[in-house]
Amino acid sequence: MINVEEAKKRISEILISRKIEICPISESTGLFCAEEIFSPISVPSFDNSAMDGYALAFGDLKPEMVISGEVKAGVLSVEKLRPGTVVRIFTGAPIPEGADTVVKQEVANVYENKFLIDVNEVKKGGFVRKAGAQCEVGEKVLEVGSEISSGTIALLASLGIEGIKVFSKPRIGVILTGDEVVEPGQKLENGQIYDANGPMLTSALMKLGVKPAFVEKVKDDADVVRSSVERLVEQVDVLILSGGISVGDYDFVRPTMQDMGVEELFYKVAQKPGKPLFVGKLGSKIIFALPGNPSSSLSCFMVYVKPFIRHFCGANDAFESNLRFPLSETYHSESILTFFLKCQLKNGMIHLLKGQESFNLISFNTATGLVEIPGINSVSPENSNYNYYPF
Ligand SMILES: Nc1nc2c(c(=O)[nH]1)N[C@H]1C(S)=C(S)[C@@H](COP(=O)(O)OP(=O)(O)OC[C@H]3O[C@@H](n4cnc5c(N)ncnc54)[C@H](O)[C@@H]3O)O[C@H]1N2
Ligand code: MOO
């Protein structure tokens with residue numbers, strides 16, 4: 001059995017080969033950039049007004065000046081400013097040659113074609129958005145591995161970029177084991193339970209922008225588990241199994257991995273829930289076998305599978321889990337295991353919830369995430385910071 005830090009380290013060291021594709025920017029939200037982007041133009045590409053008002057040369061400023069013309073946004077050619085005069089100007093309109101300052105209309109008085117101003121209200125260069133203020137031509141604006149948000153898309157669009165190279169999402173499939181597990185909608189016979197892990201893992205994957213290639217339920221039968229894994233692993237980059245990974249007579253997942261020659265990266269982590277976690281490699285395929293209890297499955301997903309998938313998707317910060325918050329109460333544990341507890345993050349504090357058993361889902365509804373309580377101390381004091389994993 002290894003500890004949580006060692007398990008995280010081994011996952012962060014898995015080598016993967018990502019694919020790259022070109023994507024229209026409008027379809028790239030949530031993907032990760034696979035190239036450095038350098039601005040093809042300066043933005044703004046011309047000096048322009050930040051306000052509706054009047055443009056003038058600060059050196060010519062006088063309490064009374066003549067309004068000699070008008071410039072509106074979108075005009076393609078603009079006359080030079082006549083010395084000693086002002087021009088009416090609108091937000092986004094080009095600053096005429098000879099002008100260097102804009103006065104917003106709220107502080108000016110206008111009488112016929114006269115512009116009247118308290119000169120103390122005017123700041124040299126005021127309300128002029130200079131060419132290149134956002135970025136200069138050739139300036140780096142995006143790093144490899146940065147996540148594309150609506151804001152990123154606005155930035156790329158402002159540079160006239162229509163498509164970018166992004167990392168392809170991995171293909172991921174889910175296999176659920178357990179003879180007792182039935183689909184919602186079916187009648188529950190004695191000894192049966194409804195499948196919580198299938199919908200839960202699907203939802204957690206969808207949140208990462210990955211639609212599972214399949215979610216297939218298999219019987220607790222050695223031959224069926226093996227033939228299903230052999231067939232389905234071919235279809236994906238990452239295979240996730242739920243259940244059947246413990247030591248019972250009907251837990252066939254680890255023996256299957258051994259029979260198939262899957263290289264075991266680790267099995268069993270000193271943690272609760274989720275101790276019998278298996279991670280392995282078959283050629284270029286990565287296999288996560290998560291324990292069947294839903295809390296154990298979700299906890300292992302959040303702590304190990306999620307960062308790995310984000311890494312596969314191209315995120316450059318996938319393994320930097322720096323969310324740490326103080327506990328609202330002291331937590332006592334006699335265990336050497338690291339605990340991942342369902343909690344609520346409220347007003348910057350972590351509040352532990354009732355019903356922490358790994359079969360118990362009642363607090364999943366109100367939980368905002370998990371908190372990691374290291375197993376080395378028997379007392380985890382309130383107000384100290386602990387790793388937090390948001391759902
Ligand atoms: N002798 C030992 N027994 C167990 C150990 C151990 O160390 N020695 N570890 C326990 C721990 S910890 C866990 S966690 C479980 C993990 O067991 P498996 O991964 O083999 O999972 P199953 O036995 O198939 O199922 C466990 C539990 O979860 C329920 N389950 C399974 N699939 C689903 C699903 N899709 N939706 C909802 N619930 C599901 C299943 O009915 C079981 O109750 O092993 C302990 N045993
Ligand atoms: O540690 Mo198991 O994962 O109790 O539920």
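First listed ligand is number 1; within each ligand, the first listed atom is number 1.
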Check ligand 2 for close polar pairs with the protein: N or O on both sides, less than 3.5 Å.
| from | atom 1 | to | atom 2 | distance (Å) |
| --- | --- | --- | --- | --- |
| ligand 2 | 1 (O) | G274 | N | 3.1 |
| ligand 2 | 3 (O) | G274 | N | 2.4 |
| ligand 2 | 3 (O) | S296 | OG | 2.8 |
| ligand 2 | 4 (O) | K272 | NZ | 2.8 |
| ligand 2 | 4 (O) | S358 | OG | 3.3 |
| ligand 2 | 5 (O) | N293 | ND2 | 3.4 |
| ligand 2 | 5 (O) | S296 | OG | 2.9 |
| ligand 2 | 5 (O) | S358 | OG | 2.4 |

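Of the protein's non-hydrogen atoms, the one nearest atom 36 (N) of ligand 1 is A196 N, 2.9 Å. Residue, atom and distance of the protein heavy atom nearest to atom 22 (P) of ligand 1 are G244 N, 3.8 Å. From the protein, the heavy atom lying nearest to atom 25 (O) of ligand 1 is G292 CA, 3.8 Å. Of the protein's heavy atoms, N197 ND2, 3.5 Å lies nearest to atom 33 (C) of ligand 1. The protein heavy-atom contact nearest to atom 5 (C) of ligand 1 is S246 OG, 3.3 Å. At the shortest separation from atom 12 (S) of ligand 1 among protein heavy atoms lies P276 CD, 3.8 Å. Protein heavy atom closest to atom 27 (C) of ligand 1, with residue, atom name and distance, is N293 OD1, 3.2 Å. Among protein heavy atoms, atom 1 (N) of ligand 1 sits closest to V247 CG2, 3.6 Å.
Contacts between V181 and ligand 1 below 4.0 angstrom, taking non-hydrogen atoms only, involve the side chain exclusively. With a 4.0 Å cut-off on non-hydrogen atoms, D251 touches ligand 1 through its side chain and not its backbone. No part of K272 comes within 4.0 Å of ligand 1, judged by heavy-atom distances. Within the 4.0 Å heavy-atom criterion, the part of I193 lying near ligand 1 is the side chain and not the backbone. At a heavy-atom distance under 4.0 Å, only backbone atoms of Y194 (N, CA, C or O) approach ligand 1.
The side-chain heavy atoms of V229 and M260, taken from C-beta on, include a pair separated by under 4.5 Å. By the 4.5 Å heavy-atom criterion applied to side chains, P307 and S12 are not counted as neighbours. Side-chain contact between F325 and L345 is present, with at least one heavy-atom pair separated by less than 4.5 Å. Put simply, the side chain of K268 reaches to within 4.5 Å of the side chain of V247, judged on heavy atoms.
Side chains of S296 and S299: a donor-acceptor N/O pair is absent below 3.5 angstrom, by distance only. Under 3.5 Å, the side chains of Q134 and R129 contain no donor-acceptor pair of N or O atoms.
Figure legend: R324 and Y388 shown without cation-pi pairing, the cationic atom not lying both under 6.0 angstrom from the six-membered ring centre and within 45 degrees of its axis. In this structure, R10 fails the cation-pi test against F266, since its NZ or CZ atom is not both closer than 6.0 Å to the six-membered ring centre and inside 45 degrees of the ring normal.
Close contacts of ligand 1 with S296, meaning ligand atoms under 4.0 Å from a residue heavy atom, involve 14 (S). Atom numbering of ligand 1 starts at 1 in the shown order; those under 4.0 Å from a heavy atom of P291 are 14 (S), 16 (C), 19 (O). Atoms of ligand 1 found under 4.0 Å from any heavy atom of G243, numbered from 1 in the order shown, are 19 (O), 21 (O), 24 (O).
Using a 4.0 Å heavy-atom cutoff, Y250 is absent from the residues neighbouring ligand 1. By the 4.0 Å heavy-atom criterion, P294 is counted among the residues contacting ligand 1. Heavy atoms of G248 stay at 4.0 angstrom or farther from ligand 1.
Considering only residues two or more places apart in sequence or on other chains, A131 meets the side-chain contact (heavy atoms from CB on, under 4.5 Å) condition with D47.
Ion pairing of E5 with K9 is absent here, as no side-chain N (NZ or NE/NH1/NH2) approaches a carboxylate O to less than 4.0 Å. Ion pairing between E143 and K140 holds under the 4.0 Å rule for side-chain N and carboxylate O.
Taking OH from Y194 and CD from E183, the interatomic distance works out to 10.5 Å, rounded to the nearest 0.5 Å.
Linking ILVMFWY side-chain heavy atoms closer than 4.5 Å, directly or via other members, places F301 and I11 in a single hydrophobic cluster. V279 and L176 fall within the same hydrophobic cluster, where Ile, Leu, Val, Met, Phe, Trp and Tyr residues are linked whenever their side-chain heavy atoms come under 4.5 Å apart, directly or through other members.
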Exercise for the section: Go through the steps for F288 and F308 under the test ring pair (Phe, Tyr, Trp, His ring centres under 6.0 Å), then give the verdict. Expected result: CA-CA 10 Å; F288 290 91; F308 176 75; 5.5 Å; yes
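Evaluated by nearest non-hydrogen atom to atom 35 (N) of ligand 1, the leading choice among L290, D195, L277 is D195.
Using bins of under 30°, 30° to 60° and over 60° for the plane-to-plane angle, the ring pair F115/Y54 lands in the tilted bin.
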